[in-house]
A.B. asks: 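Take this structure first; my questions come after.
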Protein chains: 2
Amino acid sequence: MVKLIDSTDRQLLKALQENAQIANVDLAKRINLSPSATHTRRKRLESEGIILSYETTIDRQALGYDLLCFIYIAMNAHQRDDITQFQHNVTCLPEVLECHHVTGEYDYILKVVLKNTNDLKHFIVEHLSSLPSVTRIQTTVSYGEVKQTTALPL
Amino acid sequence: MVKLIDSTDRQLLKALQENAQIANVDLAKRINLSPSATHTRRKRLESEGIILSYETTIDRQALGYDLLCFIYIAMNAHQRDDITQFQHNVTCLPEVLECHHVTGEYDYILKVVLKNTNDLKHFIVEHLSSLPSVTRIQTTVSYGEVKQTTALPL
DNA sequence: TTTTGCGTTCGAATAATTTCCGAAATCCAT
DNA sequence: ATGGATTTCGGAAATTATTCGAACGCAAAA
């Protein structure tokens, strides 16, 4: 039975987005509910798949990933197998943080982290150019993250 | 005093990236360390800023954000004030999840979530076109997230 | 009115976090 | 290598949080 998200749920989600590590008692105070009711709601939101996951954000530079790139990919024949293979490949590559199927001149946008330009070259040549149906690749490098969050408006 | 990241730290970070909610005792088992040593290490990584934050990922669709767009923005005069104002604005807008300063034809890439095309129009007209120095805007819509993570390779 | 759905409080058993301290390991300059 | 300073560790103990169940109130819908 899928429930609608009410205003208490929104408060709860907002608090969790700001700090995923908040203790249940503090979360309860924050949304003016008892700890037990808070706990029940949270478990419900988790089991309904509204809360998808809890992630830890790590400093990219500290791990040596100096490059953040957006790589645009165009494909010609929209062969089912080629698409499947392409999607499977990018999903498995840990350097690929995101892959979106998009409208416009290119078919996919990849967000990729790499240590240096040599790794970038290696990544494109070995993992992208070699795939069938890939016709065009364009790369853009970020030289400043003005904003970076996963928190949705609430 | 900033420490280097050793192999135990890497294991710890990897485990936290896979599951930010893991209990300290389980994390300790996972990396073959006592709970207290694990705790000390984790706190150190947090205070050194290597662990940046813990985020909760929420289902976009469940909150009604049907549109995920990439908006490209070109600016002409690179006036300091205009840049500052632009960056301040996008940082404050909750619909903007990411904003990257990039190389190439456009100056910025924005990742934005919106409920519908009407909101998209409103967002562009009210929050982007109206800003000084913005010369060109291009929008691309995602119609499928093949991959989405914040986990860095470890 | 009766049912249903939530929420509340309370208690209690578990379980996890956090601190403290002595011991071991590591590092570094001599 | 030796000695001394520093860091990191493990184990125990103290503190705090989670996770249940049970009994009950309240308000809205059937």
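Here is how names work: the chains are called A, B, and so on, in the same order as the sequence lines, proteins then strands, and each is numbered from 1.
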A.B. asks: Output the rounded distance in Å from CZ (A:Arg42) to P (D:dT18).
C.D. replies: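 Spelled out: CZ on A:Arg42 to P on D:dT18 is 8 Å.
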A.B. asks: Taking NZ in A:Lys121 as the centre, count heavy atoms belonging to other residues, nucleotides or ligands within less than 6.0 Å. Is the count above 12?
C.D. replies: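 For A:Lys121, atom NZ is not crowded (no more than 12 foreign heavy atoms under 6.0 Å).
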A.B. asks: Using the side-chain heavy atoms of B:Arg44, tell me which of these nucleotides is nearest: D:dG10, C:dC6, D:dT8.
C.D. replies: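 Nucleotide nearest to B:Arg44's side chain: D:dT8.
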A.B. asks: Whole angstrom is fine here: how far is it from NZ in B:Lys43 over to C1' in D:dT7?
C.D. replies: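 These atoms are roughly 20 Å apart.
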A.B. asks: Whether A:Glu18 and A:Arg30 form a salt bridge (side-chain N of Lys/Arg under 4.0 Å from carboxylate O of Asp/Glu) is what I want to check.
C.D. replies: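 Here A:Arg30 pairs with A:Glu18 in a salt bridge, since their nearest N and O are under 4.0 Å apart.
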A.B. asks: Out of D:dC9, C:dA16, D:dG10, which nucleotide sits closest to the side chain of B:Arg41?
C.D. replies: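 Out of D:dC9, C:dA16, D:dG10, the nucleotide with an atom closest to B:Arg41's side chain is D:dC9.
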A.B. asks: For B:Gln11 and D:dT8, what is the distance between atoms CD and P respectively, to the nearest whole Å?
C.D. replies: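 Result: 16 Å.
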A.B. asks: Taking only the side-chain heavy atoms of B:Asn24 (C-beta and beyond), determine which of D:dG11, C:dT18, C:dG7 contains the nearest atom.
C.D. replies: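 Nearest listed nucleotide: C:dT18.
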A.B. asks: Side chain of A:Ala37, heavy atoms from C-beta onward: which of C:dG7, D:dT18, D:dT8 has the nearest atom to it?
C.D. replies: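 Ranking C:dG7, D:dT18, D:dT8 by closest atom to the A:Ala37 side chain puts C:dG7 first.
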A.B. asks: Mind calculating the distance between CD (A:Gln21) and P (D:dT16) to the nearest angstrom?
C.D. replies: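 Those two atoms, CD and P, are 19 Å apart.
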A.B. asks: Do any side-chain nitrogens or oxygens of A:His39 fall under 4.0 Å of OP1 or OP2 in D:dT19?
C.D. replies: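 So the side chain of A:His39 is within the cut-off, an N or O lying under 4.0 Å from OP1 or OP2 of D:dT19.
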A.B. asks: What pairs meet the salt bridge (charged side-chain N to carboxylate O under 4.0 Å, His left out) rule with one or both residues in residues 76-102 of chain A, with sequence neighbours excluded?
C.D. replies: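 Checked against salt bridge (charged side-chain N to carboxylate O under 4.0 Å, His left out) - neighbours excluded - the pairs reaching residues 76-102 of chain A are A:Glu98-A:Lys111, A:Glu98-B:Lys111.
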A.B. asks: What nucleic acid atoms does A:Thr40 come within less than 4.0 Å of, heavy atoms only: base, sugar-phosphate, or nothing?
C.D. replies: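 No contact.
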A.B. asks: Whole-Å distance between D:dA28 P and A:Asp6 CG?
C.D. replies: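 It works out to 15 Å between those atoms.
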A.B. asks: Measure the distance from CG on A:Leu33 to P on D:dT18 and round it to the nearest whole Å.
C.D. replies: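 Spelled out: CG on A:Leu33 to P on D:dT18 is 14 Å.
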A.B. asks: If I take atom CD1 in residue B:Ile22 and atom C1' in nucleotide D:dT18, what distance separates them, rounded to the nearest angstrom?
C.D. replies: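 Rounded to whole Å, this separation is 17 Å.
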A.B. asks: Can you tell which of D:dG10, C:dT9, C:dA16 lies closest to the side chain of A:Ser36?
C.D. replies: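 Nearest nucleotide to the side chain: C:dT9.
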A.B. asks: Nearest of C:dA16, C:dT8, D:dG10 to any side-chain atom of A:Ser34?
C.D. replies: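 My answer, after comparing the listed nucleotides, is C:dT8.
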A.B. asks: So which heavy atom on A:Leu152 is nearest to which on B:Ile58, and how close?
C.D. replies: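 Between these two residues, the closest heavy atoms are CD1-O, 3.6 Å.
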A.B. asks: Whether A:Arg41 and A:Asp6 form a salt bridge (side-chain N of Lys/Arg under 4.0 Å from carboxylate O of Asp/Glu) is what I want to check.
C.D. replies: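 Yes.
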